[in-house]
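Per chain, numbering begins at 1; letters A, B, ... match sequence-line order. Since we're looking at a predicted model, the values are computed, not measured.
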Number of protein chains: 2
Amino acid sequence: MRETTLKEIASALGISITTVSKALKNYPDVSDKTKKAVIALAQELDYTPNSFAVNLRTKESKTIGLIIPEVVHHFFSGVVNGIIAEAEKNGYLVIILQSNESLELEKKQVALLINKRVDGIIMSLSNESNDDVHIKDILKKEIPFVQFDKISKLIPSSKVIINDQKAAMEAVQHLIDMGCRKIAHIRGLENPQNAIDRFLGYKKALEKNGIPFDSSLVYSCKAITFDQGVEFAKQILEEDKGIDGIFVITDLVAVGVLAHFNEKGIEVPNQIAVIGFSNWLVSQVITPKLSTVNQPSYDMGVAAFTLLLEEILSRKEGKSFKPKIIELETEVIVRESTLKKS
Amino acid sequence: MRETTLKEIASALGISITTVSKALKNYPDVSDKTKKAVIALAQELDYTPNSFAVNLRTKESKTIGLIIPEVVHHFFSGVVNGIIAEAEKNGYLVIILQSNESLELEKKQVALLINKRVDGIIMSLSNESNDDVHIKDILKKEIPFVQFDKISKLIPSSKVIINDQKAAMEAVQHLIDMGCRKIAHIRGLENPQNAIDRFLGYKKALEKNGIPFDSSLVYSCKAITFDQGVEFAKQILEEDKGIDGIFVITDLVAVGVLAHFNEKGIEVPNQIAVIGFSNWLVSQVITPKLSTVNQPSYDMGVAAFTLLLEEILSRKEGKSFKPKIIELETEVIVRESTLKKS
DNA sequence: ATTATAATCGAAAACGTTTTCGGAAAAATC
DNA sequence: GATTTTTCCGAAAACGTTTTCGATTATAAT
């Protein structure tokens with residue numbers, strides 16, 4: 001299957017390659033007549049420029065790289081969606097790599113993308129990662145770079161984030177507004193910044209409302225799973241501390257809590273209210289429907305690509321680029337699991 | 001930021017570009033001494049081959065394209081996962097495009113990938129698509145091509161599928177084994193082959209067990225949503241036909257059914273058993289836990305890439321390639337929603 | 001010493017495009 | 001008719017790599 005090239009069109013028309021190229025790119029120094037002829041023949045021969053050659057010549061691939069911890073995750077697939085859509089709109093394609101939360105793999109992926117000479121990289125760090133060399137490499141090579149969600153504050157790149165602390169505060173405030181006074185927090189793992197921030201938000205909300213912080217009401221997940229939620233729910237019932245509200249690190253775990261409460265006949269929200277985080281699909285289909293905090297995943301993707309494109313374009317013009325940070329708004333979504341009948 | 005090239009290494013070492021290239025690729029006609037020197041300097045200068053030039057020269061990009069209806073979908077992200085993992089293992093990267101179930105968009109994506117000259121394409125058709133020209137184009141251009149999930153039987157390419165009909169039969173058989181005798185089917189949209197096949201499987205299972213088929217027990221979804229499930233559940237209760245089991249096109253809809261039954265105090269499975277399809281995450285966290293049919297999404301991804309790679313390699317060697325069809329096994333997963341206590 | 005063989009290297013073409021720059025022809029101006 | 005201006009075209013270099021094939025030198029066989 002011979003691919004048609006400029007050369008073929010040129011020789012068929014008895015003109016030079018240069019002219020053919022110019023005609024197709026609508027250069028002003030080609031007569032309308034030849035333009036017409038070239039375009040017609042190109043169409044007929046189903047000409048499509050060899051992207052390899054174009055890349056080599058123009059030094060850009062119109063392709064960006066995206067590294068995320070996992071694809072099979074409601075939040076990330078939302079982001080992926082936004083990035084792909086926005087990228088495509090601007091003529092860019094997206095290569096997706098998965099770090100599986102492994103630092104080792106993440107390093108490989110970065111090397112792969114640099115090697116592939118993508119025009120830019122968007123990335124959410126794995127839990128193990130921080131301000132490591134491979135990330136600094138990206139900046140050193142002056143590859144446009146945007147971080148989102150799990151970021152390293154030490155890396156001076158553009159970022160798209162939410163304010164986890166504020167979002168958590170609002171969630172807990174909502175519980176308080178609903179009349180909860182003894183509020184537990186099922187928090188995430190030790191390291192990730194968002195787990196820390198959400199915990200801090202929880203603390204601050206209590207403080208602001210004059211509710212004493214009690215560290216025995218904080219339960220730390222060893223893994224972000226449904227079962228973990230079930231387990232803590234069990235524990236909470238056994239301990240019988242009079243907890244009347246729970247703020248859970250993420251919906252999946254919260255659903256585990258709800259499942260156990262349902263089984264034990266605990267009335268949610270009247271006995272214990274529960275609020276999750278992230279607005280997973282499952283939160284809308286569980287009974288009772290789970291109140292949660294919406295993270296605008298799609299919008300984060302769009303914002304991330306927009307920032308990246310800005311940097312790509314400004315670097316192309318030789319300008320220096322000043323990293324920007326976009327903080328997107330979250331929103332408490334009130335559903336049945338916190339809506340006490342009074 | 002100057003990228004180091006072969007030329008630079010060559011002139012620094014006072015040897016030719018050719019030799020440098022060969023040294024790095026471990027050609028036998030380069031002495032060990034020069035190899036050592038070249039490799040050392042390459043490492044020091046952080047040399048990485050310019051992939052654009054390599055692509056142009058070798059006519060391959062080590063990149064494949066993937067077109068799916070949507071990323072944010074449990075099944076598809078599983079497949080994506082499998083494809084990415086297997087591709088990476090073999091040194092390939094994956095460009096993902098989303099057709100959003102739109103034929104128009106799908107055509108554009110195909111054109112984009114052909115233009116990008118990816119080494120192969122993996123695709124699940126949109127609902128609107130069939131044996132259209134843009135698909136035939138892929139074959140005509142002799143681009144390695146694998147279809148999965150929603151396929152067009154008319155296109156002679158490799159395929160990775162499940163046997164929807166058989167899977168549906170097994171699901172319904174399970175209901176029958178559990179003692180159900182009046183079994184409803186909430187089916188999918190009109191066109192997609194899998195909706196049709198699952199319906200046929202339902203019919204066959206009834207037939208096989210001597211249960212008369214009653215078309216009034218078949219409910220057709222206008223959209224694959226939670227609400228659709230709620231609605232049909234309501235209708236089923238109102239009609240009060242004595243239905244004691246329901247086979248639902250997919251878990252999301254099935255969960256809607258369960259939600260409504262829970263609300264109305266219908267005992268599942270004892271009054272009515274429910275089985276879904278696809279083994280979404282939500283099926284494991286709902287109460288009662290939903291029985292369903294597992295589709296090996298990750299494995300489908302792996303199989304799809306494997307098939308694609310086979311074709312890529314055999315074409316590279318100039319051999320013709322005979323399309324293969326891989327049919328993966330499904331499995332009925334029995335959970336609470338069908339496990340009648342007897 | 002001569003020839004044959006093996007080991008090592010490099011020149012050059014090729015992949016297909018883009019873009020600069022100069023030149024020829026046509027049109028406009030004097 | 002001579003000059004200037006405009007219009008249109010093409011030669012050629014460049015992007016960085018890979019690979020063929022011939023050349024050169026060193027080694028082995030005669």
Side-chain angles (χ1 to χ4, degrees), chain A residues 1-39 41-42 45-63 91 114-119 141 316, chain B residues 1-39 41-42 45-63 91 114-119 141 316-318:
Chain A
M1 191 65 191
R2 288 273 323 113
E3 292 286 346
T4 48
T5 66
L6 291 183
K7 198 199 286 188
E8 285 168 31
I9 297 179
S11 68
L13 255 42
I15 57 180
S16 77
I17 297 179
T18 307
T19 307
V20 176
S21 173
K22 285 188 194 167
L24 290 172
K25 309 196 83 195
N26 205 26
Y27 271 50
D29 64 340
V30 174
S31 71
D32 283 352
K33 202 174 63 180
T34 42
K35 267 185 197 168
K36 289 254 169 56
V38 168
I39 292 171
L41 186 58
L45 297 181
D46 198 17
Y47 169 77
T48 135
N50 182 312
S51 65
F52 300 156
V54 176
N55 291 346
L56 177 60
R57 182 57 227 240
T58 62
K59 294 177 178 307
E60 58 174 18
S61 60
K62 292 282 188 179
T63 303
I114 290 179
N115 184 261
K116 189 81 191 173
R117 282 171 165 70
V118 290
D119 296 346
K141 300 223 173 203
K316 205 164 141 187
Chain B
M1 192 66 190
R2 289 271 324 110
E3 293 285 347
T4 48
T5 66
L6 290 183
K7 199 199 284 187
E8 282 167 33
I9 297 179
S11 65
L13 255 42
I15 57 178
S16 78
I17 296 178
T18 307
T19 308
V20 175
S21 172
K22 286 187 190 165
L24 290 172
K25 309 197 82 194
N26 205 25
Y27 270 54
D29 64 343
V30 174
S31 71
D32 282 352
K33 203 175 61 178
T34 42
K35 266 184 198 168
K36 288 255 168 55
V38 168
I39 291 171
L41 187 59
L45 297 182
D46 197 19
Y47 169 78
T48 135
N50 183 311
S51 65
F52 300 157
V54 175
N55 290 347
L56 176 60
R57 185 53 228 241
T58 63
K59 295 178 177 307
E60 58 176 14
S61 60
K62 292 282 188 177
T63 302
I114 290 179
N115 184 260
K116 188 81 191 172
R117 282 169 164 72
V118 290
D119 296 346
K141 300 224 171 204
K316 205 165 139 185
E317 290 176 17

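Using a 4.0 Å heavy-atom cutoff across all strands shown, B/Thr5 reaches sugar-phosphate atoms only and no base atom.
The side chain of B/Lys25 lies closest to D/dT19 when the candidates are D/dT19, D/dG16, C/dT17. Side chain of A/Asn50, nearest nucleotide from C/dT17, D/dT19, D/dT17: C/dT17. Checked against D/dG16, C/dG10, C/dT19, the side chain of A/Thr18 finds its nearest nucleotide in C/dT19.
D/dA14 atom P lies 14 Å from atom CG of A/Leu56, rounded to whole Å. To the nearest angstrom, P of D/dT17 lies 18 Å from NZ of B/Lys62. Nucleotide D/dA11 holds its P atom 14 Å from the CG atom of A/Leu6, rounded to whole Å. Nucleotide C/dT17 holds its C1' atom 12 Å from the NZ atom of A/Lys7, rounded to whole Å. Atom P of nucleotide D/dC9 and atom CG of A/Leu13 are separated by 11 Å, given to the nearest angstrom. Straight-line distance from the CZ atom of B/Phe52 to the C1' atom of D/dG16: 11 Å, rounded to whole Å. In this structure, B/Asn26 atom CG and D/dT19 atom C1' are separated by 16 Å, rounded to whole Å. Regarding B/Glu3, its CD atom lies at a distance of 10 Å from the P atom of D/dT17, rounded to whole Å.
To the nearest 0.5 Å, the span separating OG1 on B/Thr4 from CG on B/Leu6 amounts to 9.0 Å. Atoms OG and CG, on A/Ser51 and A/Leu56 in that order, are 11.0 Å from each other to the nearest 0.5 Å. One distance of note links CG of A/Asn115 with NZ of B/Lys62; it measures 12.0 Å at 0.5 Å rounding.
Side-chain N/O atoms of B/Lys59 include one lying less than 4.0 angstrom from OP1 or OP2 on C/dG16. The phosphate of D/dT20 has neither OP1 nor OP2 within less than 4.0 Å of any side-chain N or O from B/Tyr27.
A/Thr63 and A/Lys116 share no side-chain donor-acceptor pair at under 3.5 Å.
When each of B/Ile39, B/Thr5, B/Val38 is paired with B/Val20, the side chain to side chain contact (heavy atoms under 4.5 Å, CB included) condition holds for B/Val38 and for no other.
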Can you name the atoms? Protein N/O to nucleotides 5-9 of chain C N/O, anything below 3.5 Å, with the distance.
unit_1, atom_1, unit_2, atom_2, d
C/dC9, OP2, B/Ser31, N, 2.7
C/dC9, OP2, B/Ser31, OG, 3.3
C/dC9, OP2, B/Thr34, OG1, 3.1
C/dC9, N4, B/Asp29, OD2, 3.0

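Across all non-hydrogen atoms, the minimal contact from B/Val30 to B/Lys35 is O-CE, 3.6 Å.
In this view, A/Ser11 satisfies the side-chain hydrogen bond (donor to acceptor under 3.5 Å, both in side chains) rule with no residue, not counting sequence neighbours.
Heavy-atom distances to DNA chain C give each of B/Ile17 and A/Tyr47 a nearest nucleotide, and the one nearer the 5′ end belongs to B/Ile17.
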